[in-house]
Amino acid sequence: MNDAAITVNGLGKRYRLAAPARYGSLRDSLAALARGAWRRPTAGEDFWALREVSFSIAPGEVVGVIGRNGSGKSTLLKLLARITQPTTGEARIRGRVGSLLEVGSGFHPELSGRENVYLGGAVLGMRRAEITRRFAEIVAFAEVERFIDTPVKHYSSGMYMRLAFAVAAHLDTEILLIDEALAVGDAEFQKRCLGRMGELGRAGRTVLFVSHQLGAVRSLCTRALLLEAGALRQDGPVEAVTAAYLGGGDAAGVAEQIARAPADDPVFRWLALAVEQAGQPTTAVFADQPVRIVLDYEVRERIHGLRVFIDLLDENHELLVRTFHDEHQDAAAAPAPGRWRSVAELPARLLAPRAYWLQVQATIHDVRAVAGPGITVRLDVQRAGGVNRAYPEEPIRARLQPLVAWRTEAA
Ligand SMILES: Nc1ncnc2c1ncn2[C@@H]1O[C@H](COP(=O)(O)OP(=O)(O)OP(=O)(O)O)[C@@H](O)[C@H]1O
Ligand SMILES: [Mg+2]
């Protein structure tokens with residue numbers, strides 16, 4: 001007999017992508033390459049967001065789901081919450097499911113906070129009296145007392161999320177699916193969410209928690225699932241899985257990407273890429289120290305316009321910084337054939353504590369990308385003490401957090 005809370009067997013989800021738009025110029029294609037658009041599958045193809053995923057979770061387990069952007073985390077939770085149907089396999093769930101997913105929370109925009117709480121409870125099959133017993137707790141947790149009779153469409157996104165989390169975390173469900181609840185909300189609320197999820201875990205609820213905040217995943221979960229390009233790459237103790245994702249995993253990822261890059265490009269070949277801080281290879285870096293990106297490559301032919309560049313992108317793949325190996329030279333030089341090492345140093349106190357992507361690429365200026373689409377590494381910037389010395393616990397909302405010179409004087 002199977003008494004697991006969640007059993008997932010060969011679960012897969014295929015999306016059919018829309019027809020392609022017109023193709024642009026070579027320059028557009030290069031720009032797309034540089035933006036990282038190459039990571040997206042070609043339009044018109046079938047695309048597996050989740051492939052052959054199997055695992056089972058015992059009642060009372062608190063499990064983190066981690067992985068890069070687009071690795072299938074939200075898709076997995078949507079399948080478990082039955083918001084979308086699997087293409088292959090099945091997910092068996094034992095118990096009532098409360099969920100807080102990326103896409104909406106099931107709230108009805110025209111209804112007030114109060115009405116939505118009752119509706120949510122009713123959907124779970126709770127009786128009115130049961131919901132009433134939880135109501136005060138929910139409203140207090142969400143801190144929306146003043147707005148509880150206002151339609152939720154007028155809520156700020158923070159208020160909406162707080163109420164959605166409070167409902168998911170206080171109604172009677174055996175299983176809780178939480179997707180990126182911590183992405184919005186201030187530090188204080190994040191702390192309460194983590195506290196509440198911890199309580200639920202100790203009270204025997206089964207929790208599946210998707211987050212990019214590895215610190216939170218480590219403190220909350222005992223086990224983690226690591227998704228990579230839709231496949232379950234690792235399933236095990238949280239420390240081992242997060243370490244694989246951050247450190248070893250990324251180093252292996254870089255080696256793989258280099259191995260996959262065309263080695264027969266007549267002009268250029270990647271040899272190695274390392275991200276370092278304080279002399280140590282790591283992709284989990286502190287905000288208050290510089291980060292070095294060390295690129296080793298072989299130039300095979302003297303070509304005018306050959307350049308190596310690094311893009312720094314945020315989690316939404318917005319380009320924040322693009323920097324070229326030759327930007328300090330007065331005039332373009334064609335590097336001689338041979339082995340080269342370029343070291344780029346990102347200054348301390350540039351990045352805010354959150355996740356970024358580094359994409360390293362080589363191109364022949366205005367002509368083509370060389371040696372494939374480049375190498376992508378995730379950079380997890382960790383907080384190092386308070387960035388704001390007067391308010392060390394203050395959450396940091398900005399993507400960049402450079403040390404800005406301030407002077408205030410009586411005028
Ligand atoms: N409705 C859809 N149609 C087509 N593709 C989709 C759809 N929903 C998701 N995808 C694709 O499936 C892949 C997995 O998406 P998913 O949202 O599960 O990733 P994720 O791991 O949650 O990423 P993130 O960390 O950015 O939230 C992505 O490449 C995404 O673009
Ligand atoms: Mg997601």
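Below, each value reflects all heavy atoms present in this structure, side chains not excepted, and no hydrogens, waters or symmetry copies. Whatever order the structure lists them in is the order used to number ligands and atoms, beginning at 1.
- Within the 4.0 Å heavy-atom criterion, the part of R68 lying near ligand 1 is the backbone and not the side chain.
- Checked by atom type and distance alone, the side chain of N9 never pairs as donor or acceptor with a backbone atom of E90 at under 3.5 Å.
- Note on ligand 1: S71 sits in its first shell, one or more heavy atoms being nearer than 4.0 Å.
- A donor and an acceptor atom, one from each side chain of T75 and Y15, are nowhere located under 3.5 Å apart.
- The heavy atom nearest to atom 22 (O) of ligand 1, considering only G230, S74, A229, is found in S74.
- A cation-pi arrangement is absent between R196 and F165, since the terminal nitrogen or guanidinium carbon is not both under 6.0 Å from the aromatic centre and inside a 45° cone about the axis.
- Between atom 21 (O) of ligand 1 and the options K73, E228, R16, R14, the minimum heavy-atom separation is to K73.
- Side-chain contact between N116 and R114: absent, with no pair of heavy atoms (C-beta onward) separated by less than 4.5 Å.
- With hydrogens and angles ignored, the 3.5 Å screen pairs a side-chain donor or acceptor of Y356 with a backbone N or O of R399.
- Without hydrogens or angle criteria, Q277 side chain to F286 main chain gives a donor-acceptor distance under 3.5 Å.
- Here S74 meets the criterion, with an N, O or S atom under 2.8 Å of the Mg ion (ligand 2).
- In this comparison of S211, G72, G70, A355, the heavy atom closest to atom 28 (C) of ligand 1 sits on G70.
- Near T75, with a cut-off below 4.0 Å to any heavy atom, the atoms of ligand 1 are 14 (C), 15 (O), 16 (P), 18 (O).
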